[in-house]
Protein chains: 4
Amino acid sequence: MGVTMDGTKQQRRGNTRQRIQDVALELFAEQGYEKTSLREIAEHLDVTKAALYYHFKTKEEIIVSLFEDLTKPIEELIEWGRKQPHTLETKHEIVRRYSRALVGAEPLFRFMQENQATVRELRIGDTFKDRMRDLRDIFIDPEAPLVEQVRCVSAVFTLHAGMFLMQDLESDFEKRRAAVLEVALDLITRAHEGARGGA
Amino acid sequence: MGVTMDGTKQQRRGNTRQRIQDVALELFAEQGYEKTSLREIAEHLDVTKAALYYHFKTKEEIIVSLFEDLTKPIEELIEWGRKQPHTLETKHEIVRRYSRALVGAEPLFRFMQENQATVRELRIGDTFKDRMRDLRDIFIDPEAPLVEQVRCVSAVFTLHAGMFLMQDLESDFEKRRAAVLEVALDLITRAHEGARGGA
Amino acid sequence: MGVTMDGTKQQRRGNTRQRIQDVALELFAEQGYEKTSLREIAEHLDVTKAALYYHFKTKEEIIVSLFEDLTKPIEELIEWGRKQPHTLETKHEIVRRYSRALVGAEPLFRFMQENQATVRELRIGDTFKDRMRDLRDIFIDPEAPLVEQVRCVSAVFTLHAGMFLMQDLESDFEKRRAAVLEVALDLITRAHEGARGGA
Amino acid sequence: MGVTMDGTKQQRRGNTRQRIQDVALELFAEQGYEKTSLREIAEHLDVTKAALYYHFKTKEEIIVSLFEDLTKPIEELIEWGRKQPHTLETKHEIVRRYSRALVGAEPLFRFMQENQATVRELRIGDTFKDRMRDLRDIFIDPEAPLVEQVRCVSAVFTLHAGMFLMQDLESDFEKRRAAVLEVALDLITRAHEGARGGA
DNA sequence: GATGAATGAGATTTCATTCAT
DNA sequence: CATGAATGAAATCTCATTCAT
């Protein structure tokens with residue numbers, strides 16, 4: 001994983017860079033960004049703090065790089081969604097794909113959900129907000145009734161929360177995801193229909 | 001000294017404790033708990049850091065005291081809810097009251113939403129989680145179908161998010177609250193009915 | 001104790017001053033002077049820190065006052081000793097009285113033994129050192145052989161240590177005191193005789 | 001940078017850890033542990049406080065490390081003593097060696113003597129007490145008459161005190177040590193004989 | 001690629017002390 | 001006699017960051 005024959009952008013042998021990202025994300029998600037020190041990350045990897053600085057210019061760069069690496073599928077999905085006709089079926093397909101895409105980025109999303117105050121100050125904050133707005137705009141016309149817009153936002157939240165906040169409801173990850181997906185699809189459906197009938 | 005005849009909000013001597021709480025909550029909600037230093041709070045109030053320590057033994061105690069003071073109405077509501085018959089009408093009433101109760105505790109909830117990683121490490125983390133579970137258990141039987149349980153959690157999230165995360169949807173606070181309320185009520189209704197129809 | 005019929009210098013009703021001294025000495029002896037804060041003393045007495053300042057101008061004054069109050073018998077003993085002929089019998093009598101006098105000042109001496117570094121910086125440090133020198137000079141001529149002088153110092157140390165450092169040797173206080181006394185008397189005897197026999 | 005050509009006393013990079021220990025011990029012994037701040041130590045060394053924390057995790061670790069480094073010869077001596085037959089000659093030999101071993105650890109022992117209250121709270125407190133008990137148990141049977149046990153403890157105290165508390169008796173260190181040694185040996189002899197003759 | 005050593009800034013916390021009431 | 005409120009100074013400690021090797 002991450003190794004290609006051509007030299008483009010990915011880490012070759014000595015995958016320290018990725019190990020740093022992995023450990024950092026785990027700790028960031030578990031304890032929060034500010035409470036996780038570089039010393040801690042370094043200790044988990046059994047290297048020195050200075051080694052981290054060989055791979056990343058700052059602490060912020062670690063989280064930014066994670067964001068950039070892990071949200072690519074989601075970005076692509078949204079890009080794709082924008083070009084489709086905004087039918088109900090398309091919307092459903094996007095919800096389904098979004099749910100699937102979230103699986104790979106789960107720790108990052110948990111991190112972002114639980115450290116919003118921090119994220120807001122980071123460079124990635126705005127990017128993320130824009131992405132969420134794009135997603136919402138695919139689901140519903142900005143001129144649609146407020147209630148239906150809320151339903152769309154609610155659907156997205158539900159998908160996010162289903163990843164990491166409903167673990168006490170059902171421990172089987174796939175069952176949970178299915179239930180969450182159903183609720184989200186339903187919210188989107190109602191928003192879609194409500195927008196046509198119109199407030 | 002510091003006493004006025006009219007009862008209006010005066011806050012010279014004597015209410016420093018509350019002024020600390022007010023300023024602290026504002027800053028915690030805005031910048032996050034860890035990024036807000038006691039120096040900053042003290043400067044905003046034009047007192048020394050040591051003065052804060054006269055009123056609160058630790059930084060954590062400030063946020064804990066806020067939690068305890070501000071969540072009392074919500075606790076009482078949940079207590080009340082538990083004793084009612086679990087009819088749809090009761091559930092709706094609880095949702096309506098919960099929405100209203102959240103208004104008073106808005107900055108605290110924004111803080112808790114945006115600093116979950118921090119809150120989790122604080123003493124209040126578990127209390128809050130318990131409260132949320134209690135609320136969910138009022139809305140739906142833990143044995144009900146998973147999908148309906150998700151709907152209930154989704155309703156609660158929607159209420160929370162409506163407080164502080166949908167400000168770009170509609171700037172008028174009361175309009176937003178009404179729309180959010182409607183979506184939440186609808187989710188509860190569907191959960192209620194879905195639970196009767198069966199697994 | 002501390003109450004006399006004439007009004008001289010001792011505390012009347014409202015014996016807070018003495019209660020402060022008692023608690024302070026106990027804590028100082030147990031934890032050390034620097035590690036014992038005025039807050040702690042105040043809490044033990046169930047008064048505020050400010051109350052302490054009504055009775056003592058500074059923290060140092062508390063310990064100084066204790067020193068002055070409790071070492072009076074010892075000072076008087078030394079004063080008395082100086083005026084006696086320096087026979088062996090006198091020396092023994094002083095040792096015996098000194099051992100008895102130490103009993104009343106035990107916590108103070110424990111404190112001074114265990115906080116010498118602190119005591120040295122306090123006003124009382126020099127006074128105490130002078131007292132010890134006076135005592136030694138009663139026991140032996142400063143021109144006597146060095147070995148005998150060491151024996152005298154050793155005797156005094158033994159008396160001190162017997163008060164609080166040999167508790168694991170024998171738990172019965174009086175038995176311990178008797179044994180310690182015997183060793184000290186013996187050391188003094190040998191010093192006395194060694195001094196006569198010559199350099 | 002910091003490098004000299006001649007080998008005199010220069011201490012470039014690399015021995016900071018020991019320089020910290022040296023300066024710290026000096027200051028601890030002179031002013032006491034609590035009264036010596038890390039700022040002060042750092043200033044004496046012309047480094048920042050943070051540099052101290054690179055070498056020692058806490059202030060306590062500094063003193064603990066000193067204790068561990070400097071008491072090693074004494075520990076070895078006691079270990080050796082335990083395995084010898086408990087004859088009078090052995091005991092004398094131990095006293096002599098102990099006196100010599102103390103020379104190297106003089107500032108540490110002065111520190112421990114003068115900061116007992118502090119030491120007691122530190123991790124090293126118990127270790128030290130154990131060591132002293134071991135030493136005493138070599139000198140005399142725990143079942144021997146109390147008076148003789150006191151004599152042994154007295155001998156050890158005398159050795160300690162001779163290091164740093166009798167400087168006004170005789171300024172020549174070696175003369176003082178010889179005198180102290182004689183008194184200690186004598187106390188041990190009497191204890192040994194007293195134990196045979198019985199209570 | 002990585003380390004060892006260090007720094008500057010700043011965090012939380014504690015303390016003795018003061019003073020108006 | 002005593003308190004409530006506050007302060008100024010300083011303490012221990014942590015952190016992200018730097019740089020020569």
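Quick note on labels: first sequence line is chain A, next is B, and so on, each numbered from 1.
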**Study point:** Output field: ring centroids B/F109/B/F67 closer than 6.0 Å
**Key:** no
Practice item. Please tell me which of D/T48 and A/A50 maps to the more 5' nucleotide of DNA chain E, matching each residue to the nucleotide holding its nearest heavy atom. Key: A/A50
Point to revise | Along DNA chain E (nearest heavy atom to each residue), the more 5'-positioned of D/A51 and B/E60 | key: D/A51
Starting at [atom1] of [X] and ending at [atom2] of [N], how long is that distance when rounded to a whole Å?
X     : N      : atom1 : atom2 : result
A/K35 : E/dT12 : NZ    : P     : 11 Å
B/F56 : F/dA5  : CZ    : P     : 12 Å
C/I41 : E/dA16 : CD1   : C1'   : 11 Å
B/Y53 : E/dC15 : OH    : C1'   : 13 Å
D/E34 : E/dT13 : CD    : P     : 21 Å
D/L52 : E/dG8  : CG    : C1'   : 14 Å
B/I20 : F/dG4  : CD1   : P     : 16 Å
B/R19 : F/dA5  : CZ    : C1'   : 13 Å

Check your understanding: At their closest point, which heavy atom of C/S65 faces which heavy atom of C/F56, and how far apart are they?
Key -> OG-CE2, 3.4 Å
Review point. Does F/dA5 have OP1 or OP2 sitting under 4.0 Å from an N or O in the side chain of B/T16?
Key: no
Review point. Think C/R39 has a side-chain N or O under 4.0 angstrom from the OP1 or OP2 of E/dT14?
Key: no
The side chain of [X] lies closest to which of these nucleotides: [options]?
X     : options               : answer
C/L38 : F/dA6, E/dC15, E/dT17 : E/dT17
D/S37 : F/dT17, F/dA11, E/dA2 : F/dA11
B/H55 : E/dA6, F/dA6, E/dA2   : F/dA6

Practice item. Test for a donor-acceptor pair under 3.5 Å between the base of E/dT17 and the side chain of C/K49, counting only N and O atoms. Key: yes
Study note, to complete from the structure: Walking DNA chain F from its 5' end, the first of A/T58 and B/Y54 to be reached, judged by nearest nucleotide, is B/Y54
Practice item. Identify the nucleotide, in any strand shown, that forms a Watson-Crick or G-U wobble pair with E/dA20, with both distances under 3.5 Å; if there is none, say none. Key: F/dT3
Point to revise | Residue pair B/E40 / B/Q31, side-chain donor-acceptor N/O under 3.5 Å | key: yes
Exercise for review: May I ask you to decide whether C/R39 forms a salt bridge with C/E43, counting only side-chain N to carboxylate O separations under 4.0 Å?
Suggested key: yes
Check your understanding: Would you call C/E106 and C/R110 a salt bridge, using N to O less than 4.0 angstrom?
Key -> yes
